[in-house]
Amino acid sequence: MKLRLHFVVDPMGWLCISMVFGIWLYNTFFIPKLVLLPHYNEGHIPWAIVVCYYIASAFCLVALFRASTADPGRLPTDPDIPHSERKHWELCNKCNLMRPKRSHHCSRCGHCVRRMDHHCPWINNCVGEDNHWLFLQLCFYTQVLSLFTLAMDFCQYYYLQPLTGLDQEKFTTRHELALLRVSALMGMVMFCGMSSLFYTQMAGILSDTTTIEKMAQFSNETYGTKRSWQWALAEVFGTRWKVLWFIPLRSRQPLQASHYFRTHV
């Protein structure tokens, strides 16, 4: 399956995703420079902590890029609809194209998206059937990186030994307290915000209800199906291998043909 890039022309979305990238860049630069690398050089922390921080940071960036550029499930202008499945399709009253039920027309992107959950300005993209798993990974790795950042900020003042080889003339040394306070504030805001978003997303997946359906006050009985949490997440991530649920550098394919149509209607 080819990885198709999908870009949305929206200046407001570009501004939002630039802010997210700026927060990532700030913490990825200052936390290693102020805490990780100096304490590693003086033997206060093991190399594994430094490596784990950079891995979490890299996975967070990759998930952000993939979620913002992946096709969320845009419908073709002339879909090939099998005769036996036409009852599960409907006409969009905005673009006048046939679409599967549970699809939604995004006014920001200007087209219909299969099983659209919502349009997220922070990734400048819709969250739909084909990139929902990437959005979950972004929420998860942002929580991991934010919690890691908060832990490093805390340890800098309350646990780690004082550094002996500091250059007092450096900007980072003279403004260390202010820089770490900004980092801690960013980490707290991102962790709390992403934790809340991750919880609502997981609740929606397990109840088989999208955010749009919740806002439209559709109940579980309308679309929901009784299924285990393993199957619900496997359907979103496109694989039963749980280790692959954490890997953003791959493509997603439906599990089985018999279950593929269920996610489209």
Side-chain angles (χ1 to χ4, degrees), residues 13 15-32 35-36 49 52-68 70 72 115-129 131-159 180-215 220 224 228-230 232-237 242-248 252:
L15 176 61
C16 291
I17 197 172
S18 298
M19 293 173 60
V20 174
F21 178 75
I23 294 175
W24 172 87
L25 189 63
Y26 183 95
N27 286 288
T28 301
F29 176 77
F30 280 110
I31 292 300
V35 183
L36 292 176
I49 294 181
C52 287
Y53 188 87
Y54 277 114
I55 290 176
S57 179
F59 271 70
C60 186
L61 180 62
V62 172
L64 175 62
F65 176 79
R66 289 294 317 279
S68 61
R115 206 177 188 280
M116 177 177 168
D117 188 83
H118 67 286
H119 181 92
C120 180
W122 300 106
I123 63 172
N124 192 32
N125 200 1
C126 289
V127 177
E129 183 181 273
N131 71 339
H132 201 169
W133 64 284
L134 292 167
F135 186 73
L136 289 178
Q137 287 185 354
L138 175 61
C139 293
F140 174 77
Y141 285 118
T142 302
Q143 290 179 83
V144 172
L145 185 61
S146 299
L147 190 61
F148 211 148
T149 298
L150 289 172
M152 290 296 98
D153 291 336
F154 177 84
C155 291
Q156 172 71 358
Y157 286 103
Y158 299 103
Y159 180 75
L180 289 181
R181 282 178 175 175
V182 172
S183 173
L185 178 61
M186 290 180 177
M188 182 66 68
V189 171
M190 294 298 291
F191 179 76
C192 294
M194 282 299 181
S195 296
S196 176
L197 182 58
F198 186 75
Y199 172 79
T200 57
Q201 288 294 304
M202 291 297 296
I205 291 173
L206 298 180
S207 63
D208 194 18
T209 309
T210 66
T211 301
I212 292 177
E213 291 167 357
K214 291 178 181 178
M215 295 176 64
N220 295 9
S228 66
W229 67 270
Q230 293 98 327
L233 291 176
E235 198 171 43
V236 171
F237 286 95
K242 294 181 177 61
V243 66
L244 295 181
W245 295 356
F246 300 92
I247 307 298
R252 175 193 178 275

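For the numbers below, each heavy atom of this structure counts, side chains included, while hydrogens, waters and symmetry mates do not.
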Quiz prompt | Of all pairs that satisfy side-chain hydrogen bond (donor to acceptor under 3.5 Å, both in side chains), the ones with a partner from residues 195-205, not counting sequence neighbours | solution =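 Matches after skipping sequence neighbours: Asp117-Gln201, His132-Gln201, Gln143-Ser195.
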Evaluate the side-chain proximity of [Y] to [X]: yes if any heavy-atom separation is below 4.5 Å, no if none is.
| X | Y | answer |
| --- | --- | --- |
| Trp24 | Leu145 | yes |
| Phe59 | Ile247 | yes |
| Leu244 | Phe237 | no |
| Thr211 | Met215 | yes |
| Asn124 | Ser68 | no |
| Leu134 | Leu138 | no |
| Val144 | Phe140 | yes |

Quiz prompt | CA sep, side-chain torsions, deciding dist, call: Ile31, Phe148, side chain to side chain contact (heavy atoms under 4.5 Å, CB included) | solution = CA-CA 10 Å; Ile31 292 300; Phe148 211 148; over 6 Å; no
[X] side, atom [atom1]; [Y] side, atom [atom2] - distance, nearest 0.5 Å:
| X | Y | atom1 | atom2 | answer |
| --- | --- | --- | --- | --- |
| Leu64 | Gln137 | CG | CD | 12.0 Å |
| Ile212 | Met116 | CD1 | CE | 4.0 Å |
| Phe135 | Ile123 | CZ | CD1 | 5.5 Å |
| Met202 | Leu233 | CE | CG | 4.5 Å |
| Phe21 | Leu25 | CZ | CG | 5.0 Å |
| Cys155 | Leu150 | SG | CG | 11.0 Å |

Quiz item: Who passes side-chain hydrogen bond (donor to acceptor under 3.5 Å, both in side chains) against Asp153, sequence neighbours left out?
Solution: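 Scan of Asp153 (side-chain hydrogen bond (donor to acceptor under 3.5 Å, both in side chains), adjacent residues dropped) gives Ser183.
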Considering all heavy atoms, the nearest [X]-[Y] contact:
| X | Y | value |
| --- | --- | --- |
| Ser207 | Ala203 | OG-O, 2.8 Å |
| Ala232 | Leu206 | CB-CD2, 4.2 Å |
| Glu213 | Asp208 | OE1-O, 4.1 Å |

For the side chain of [X] and the backbone of [Y], is there at least one donor-acceptor N/O pair under 3.5 Å apart?
| X | Y | answer |
| --- | --- | --- |
| Trp133 | Trp245 | no |
| Asn125 | Pro72 | no |
| Arg66 | Pro248 | yes |
| Tyr141 | Leu61 | no |

Exercise. Just jot down the side chain to side chain contact (heavy atoms under 4.5 Å, CB included) partners of Ser146, sequence neighbours excluded, or say none.
Key: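 Ser146 satisfies side chain to side chain contact (heavy atoms under 4.5 Å, CB included) with Thr142, Met190, Phe191 only.
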Quiz item: Between the side chains of Tyr53 and Thr149, does any donor sit under 3.5 Å from an acceptor?
Solution: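 On atom types as modelled, these side chains qualify, holding a pair under 3.5 Å.
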Quiz item: More than 12 heavy atoms of other residues, nucleotides or ligands under 6.0 Å from OH of Tyr157: is that the case?
Solution: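 For Tyr157, atom OH is crowded (more than 12 foreign heavy atoms under 6.0 Å).
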Quiz item: Hey, mind stepping through Ile205 and Glu235 against side chain to side chain contact (heavy atoms under 4.5 Å, CB included) and telling me if it holds?
Solution: CA-CA 10 Å; Ile205 291 173; Glu235 198 171 43; over 6 Å; no
